[in-house]
Enquirer: 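Shown below is the structure under consideration.
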Amino acid sequence: MAAVTNTNNLTGLARAMVNHGWLSEDDAEGVWKRASQSGDSFVTELIKGRRFKADQVAEFAAVSFGFPYLDLNAMDHESLPQGLLDPKLVQKRRVLALYLRGNKLYVATSDPTHLQALDEVKFQTGQTVEPVVVEDDKLGKLIEKAGEANDNTMAVLNAEDLNLDFADEESTAAQQDTGGIEIDDAPVVRYLQKIMLDAINIGASDIHFEPYEKFYRIRYRRDGILSEIAQPPMAIKDKVASRIKVLSRLDISEKRVPQDGRMKMVLSKNRAIDFRVSTLPTLYGEKIVMRILDPTSAQLGIEALGYEPFQKELLLNAVQRPYGMVLVTGPTGSGKTVSLYTCLNILNKPDVNISTAEDPAEIQLPGINQVNVNDKAGLTFSAALKSFLRQDPDVIMVGEIRDLETADIAIKAAQTGHMVMSTLHTNDAPGTLTRLLNMGVAPFNVASSVILITAQRLGRKLCSCKQSADIPQEALLAAGFTEEQLDGTWKPYKPVGCDICGGTGYKGRVGIYQVMPITDAMTRIILTGGNESDIADQARREGVLDLRQAGLLKVKSGLTSLEEVEAVTNI
């Protein structure tokens, strides 16, 4: 074994090879010097000298430092994740993303001791980085192939899978107002179509296009969680934004104020997807968020939404009454609109006249008269409601009750023989009544019109790879389970992670609901000036489940995990 002398140059793999007698001190320093001059890595320069083969160095590195060793020839190169790492970082640091499991990114490298490279990957992706040792020559070929693919990504995207159409596109007129920007640049068009199609295929609910000072990223929101899927070149950000604005019929020359629009992607004769588009001026360009609106989500039926059987019965009984008000409450993205649309679909019959006022109409429902409110033109929620009442309606849906005027008209409609549905932003069902009172609605009007309130959240559903979780009984009791529920006939489950769910352990979402009918006892509390706490106590006495209790039933049935319920109910 060669003697070890004190030098500041040799670290990591080079130091290990010297210590194990694979290289002398002078030889190792010579390789380091040549690598610095050529700009190659230590391993690449070492193999160039033909003293060692690539597989010998890889096996040594894996064994010496305890990292897994992978033969890249056994990998399906087409399945490697795209867009996770900046191509410049891949080329400069000689690293390649292999696969992402949860928050762990497995990265191919021929030198697992190159900590600077791994730190840069971690900083760029925000993931925990796990190095996998591979042969340097095979890694180089794969990086070269990935670089060629990246250079030509825009031009060689497979158009066979992107034979799509955008309905009602006024492209000719829009192009005349582009100020010389090449909106119909074919590579950008195909790239945008691929991003949108991929989002639809994986079940994403939103696409975020975000420009920053030194990079441009695209993120999907899937099952309520945002994740980065690509960092395209900065040069295309303006073209992508312009293309989206053209398709959405927005003012392409206006970049100083937010704009809202929508577009439709026709996938086939029988299926089209709507996108609600919102632009926002930021420091480094326009951020664009596209909400994916799949009409099939409103046609799933109430059984698919996740109501408990007794909750479903209460809701159906309420919406099928001839008059009254049904309110749905919850934060943005909790599925309120889908719940309302599902109820409207149940009522949508030839002998029923249904009108909706929305901002904007998210999903188009045949047989229902949908109106987009337009505050600038004077078509507010209250103005639309007044018009509805002159059109002989049976059912009215108001997208959101935001002010006293809208609330008053909606309540009067509910009192005069119409079924009215709407949404509010409150934390739970009892708080909705207090919110109406705080708006200035008279207590007797609230008591005589509102017949049912449902509060809801969306929790992630466990994937089929779930496993039983060993949670102490004390922790289950502290979470809200009762002694009677912990009868030993069931076990909670926890997320694991597999290829189907992308390593998260969750796939899809399930609704968690608090369904509270307004009983005579609650009406008396409202009329006598009772507060939110009094209403909540009465609801509890009448057997109404709060959101936490409803979520725990989902845990008991194995649909979701206790951690997810605790996160979304936040009590």
Enquirer: Without swapping roles, check the side chain of Asp206 against the backbone of Arg221 for a donor-acceptor pair under 3.5 Å.
Expert: no
Enquirer: Sequence neighbours excluded, which residues qualify as salt bridge (Lys or Arg N to Asp or Glu O under 4.0 Å) partners of Lys336?
Expert: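 Residues passing salt bridge (Lys or Arg N to Asp or Glu O under 4.0 Å) with Lys336: none at all.
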Enquirer: Under 3.5 Å, side chain of Asn348 to main-chain N/O of Leu344, donor-acceptor pair present?
Expert: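 No.
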Enquirer: Quick check for you: to the nearest 0.5 Å, what is the distance between Phe275 atom CZ and Lys264 atom NZ?
Expert: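 Interatomic distance, Phe275 CZ to Lys264 NZ, rounded to 0.5 Å: 11.0 Å.
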Enquirer: Within the supplied structure, the quantity of interest is the number of heavy atoms (other residues, nucleotides, ligands) at a distance under 6.0 Å from Asp408 CG; does it exceed 12?
Expert: yes
Enquirer: Got a donor-acceptor contact below 3.5 angstrom from the Asn353 side chain to the Gln391 backbone?
Expert: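 Yes; at least one donor-acceptor contact below 3.5 Å.
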Enquirer: List the atom of Ile396, the atom of Ala413, and the distance in Å for their closest heavy-atom pair.
Expert: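 Looking at all heavy atoms of both residues, the closest pair is CD1-CB, 4.3 Å.
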Enquirer: With a 4.5 Å limit on heavy-atom distance, are the side chains of Leu316 and Tyr307 in contact?
Expert: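 They are not in side-chain contact.
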Enquirer: Mind listing the closest non-hydrogen atom pair of Gln415 and Ser448 along with its distance?
Expert: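 For Gln415 and Ser448, the tightest heavy-atom pair comes out as NE2-OG, 2.7 Å.
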Enquirer: Not counting sequence neighbours, which residues clear side-chain hydrogen bond (donor to acceptor under 3.5 Å, both in side chains) with Asp359? List them please.
Expert: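 Testing Asp359 for side-chain hydrogen bond (donor to acceptor under 3.5 Å, both in side chains), a comparison that skips the adjacent residues, returns Arg402.
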Enquirer: We want to know whether Thr519 and Glu542 form a side-chain donor-acceptor pair, criterion being a heavy-atom distance below 3.5 angstrom.
Expert: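 Thr519 vs Glu542: donor-acceptor pair found between side chains.
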Enquirer: Okay, side chain of Ser449, backbone of Ala414: is any donor-acceptor separation there less than 3.5 Å?
Expert: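 No, because the side chain of Ser449 does not come within donor-acceptor range (under 3.5 Å) of the backbone of Ala414.
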Enquirer: Would you say Arg276 has more than 12 foreign heavy atoms packed within less than 6.0 Å of its CZ?
Expert: yes
Enquirer: Would you indicate whether the side-chain heavy atoms of Leu436 and Val450 approach each other to under 4.5 Å?
Expert: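 Val450 vs Leu436: side chains touch.
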Enquirer: Are Lys237 and Glu210 ion-paired here, with the side-chain N under 4.0 Å from a carboxylate O?
Expert: no
Enquirer: Closest heavy-atom contact between Cys343 and Leu315?
Expert: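 In this case the closest contact between Cys343 and Leu315 is SG-CD2, 4.0 Å.
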Enquirer: In chain order, what residues pass the salt bridge (Lys or Arg N to Asp or Glu O under 4.0 Å) check against Arg256, with sequence neighbours excluded?
Expert: Glu254
Enquirer: Checking the side chain of Thr423 only, and the main-chain atoms of Val328 only, is there a donor and an acceptor separated by less than 3.5 Å?
Expert: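 No, Thr423 side chain to Val328 backbone: no donor-acceptor pair under 3.5 Å.
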Enquirer: Does any part of the side chain of Thr416, heavy atoms only, come nearer than 4.5 Å to the side chain of Tyr323, both counted from C-beta?
Expert: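 SC-SC contact between Tyr323 and Thr416 ruled out.
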Enquirer: Go through the steps to decide whether Ile451 and Val326 satisfy the test side chain to side chain contact (heavy atoms under 4.5 Å, CB included), and finish with yes or no.
Expert: CA-CA 6 Å; Ile451 58 175; Val326 173; 4.0 Å; yes
Enquirer: Rounded to the nearest 0.5 Å, how far does CD1 of Ile354 lie from NZ of Lys349?
Expert: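 Atom-to-atom, Lys349:NZ and Ile354:CD1 are 10.0 Å apart.
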Enquirer: Taking side-chain hydrogen bond (donor to acceptor under 3.5 Å, both in side chains) as the test, write out the residues that go with Gln311, two or more places apart.
Expert: none
Enquirer: Verify side chain to side chain contact (heavy atoms under 4.5 Å, CB included) between Tyr341 and Met397, making sure each step is shown before the conclusion.
Expert: CA-CA 9 Å; Tyr341 281 174; Met397 194 269 272; 3.6 Å; yes
Enquirer: Report yes if some heavy atom in the side chain of Thr569 is under 4.5 Å from a heavy atom in the side chain of Asp546; otherwise report no.
Expert: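 No, side chains not in contact.
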Enquirer: Output yes when Arg460 and Glu564 qualify as a salt bridge under the 4.0 Å nitrogen-oxygen rule, no when they do not.
Expert: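 Glu564 and Arg460: salt-bridged.
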Enquirer: Could you go step by step and tell me if His425 and Thr332 meet the side chain to side chain contact (heavy atoms under 4.5 Å, CB included) rule?
Expert: CA-CA 8 Å; His425 287 276; Thr332 301; 3.7 Å; yes
Enquirer: If you round to the nearest 0.5 Å, how far is CD of Glu358 from CG of Asn372?
Expert: 7.0 Å
Enquirer: Leu385 pairs by side-chain contact (heavy atoms from CB on, under 4.5 Å) with which of Thr406, Thr380, Val371?
Expert: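 The single option meeting the side-chain contact (heavy atoms from CB on, under 4.5 Å) with Leu385 is Thr406.
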Enquirer: Verify the neighbour count for atom NZ of Lys412: are there more than 12 heavy atoms of other residues, nucleotides or ligands below 6.0 Å?
Expert: no
Enquirer: Which heavy-atom pair separates Asp534 from Asn531 by the least distance, and what is that distance?
Expert: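 Looking at all heavy atoms of both residues, the closest pair is N-OD1, 2.9 Å.
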Enquirer: Over all heavy atoms of both residues, which pair between Gln514 and Leu547 is shortest? Give the atoms and the distance, please.
Expert: N-CD2, 3.8 Å
Enquirer: Side chains of Phe388 and Val398: closer than 4.5 Å at any heavy-atom pair?
Expert: no
Enquirer: Nearest 0.5 Å please: distance from the CD1 atom of Ile229 over to the CD1 atom of Ile207.
Expert: 8.0 Å
Enquirer: Rounded to the nearest 0.5 Å, what separates atom CG in Asn369 from atom OG1 in Thr356?
Expert: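 So the gap between those two atoms works out to 8.0 Å.
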Enquirer: Measuring only between side-chain heavy atoms, which start at C-beta, is Met325 closer than 4.5 Å to Ile411?
Expert: yes
Enquirer: Are any of the side-chain nitrogens in Asp537 or Arg541 under 4.0 Å away from the carboxylate oxygens of its partner?
Expert: no
Enquirer: Only one of Lys245, Arg243, Lys239, Lys255 clears salt bridge (Lys or Arg N to Asp or Glu O under 4.0 Å) with Glu286; which?
Expert: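 The residue from Lys245, Arg243, Lys239, Lys255 that satisfies salt bridge (Lys or Arg N to Asp or Glu O under 4.0 Å) with Glu286 turns out to be Lys245.
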Enquirer: For Arg457, enumerate each residue passing the side-chain hydrogen bond (donor to acceptor under 3.5 Å, both in side chains) test, keeping only those at least two apart in sequence or located in another chain.
Expert: none
Enquirer: With a 4.5 Å cut-off on side-chain heavy atoms, are Leu552 and Leu562 touching?
Expert: yes
Enquirer: Testing the basics here: between Pro517 and Val544, what is the closest heavy-atom pair and its distance to 0.1 Å?
Expert: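 So the two residues come closest at CD-CG2, 4.3 Å.
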Enquirer: Between OG of Ser334 and CD1 of Ile512, what distance do you get to the nearest 0.5 Å?
Expert: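 That separation rounds to 11.0 Å.
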Enquirer: Using a 3.5 Å distance criterion without hydrogens, assess whether the side chain of Arg217 forms a donor-acceptor pair with backbone atoms of Tyr212.
Expert: no
Enquirer: Apply the test side chain to side chain contact (heavy atoms under 4.5 Å, CB included) to residues Gln549 and Leu553: give CA-CA distance (whole Å), side-chain angles for both, the deciding distance (0.1 Å), then the verdict.
Expert: CA-CA 7 Å; Gln549 292 166 337; Leu553 290 183; over 6 Å; no
Enquirer: What pairs with Ser248 under side-chain hydrogen bond (donor to acceptor under 3.5 Å, both in side chains), at least two apart in sequence or on another chain?
Expert: none
Enquirer: Does the side chain of Leu305 reach to within under 4.5 Å of the side chain of Gln456, using non-hydrogen atoms?
Expert: no
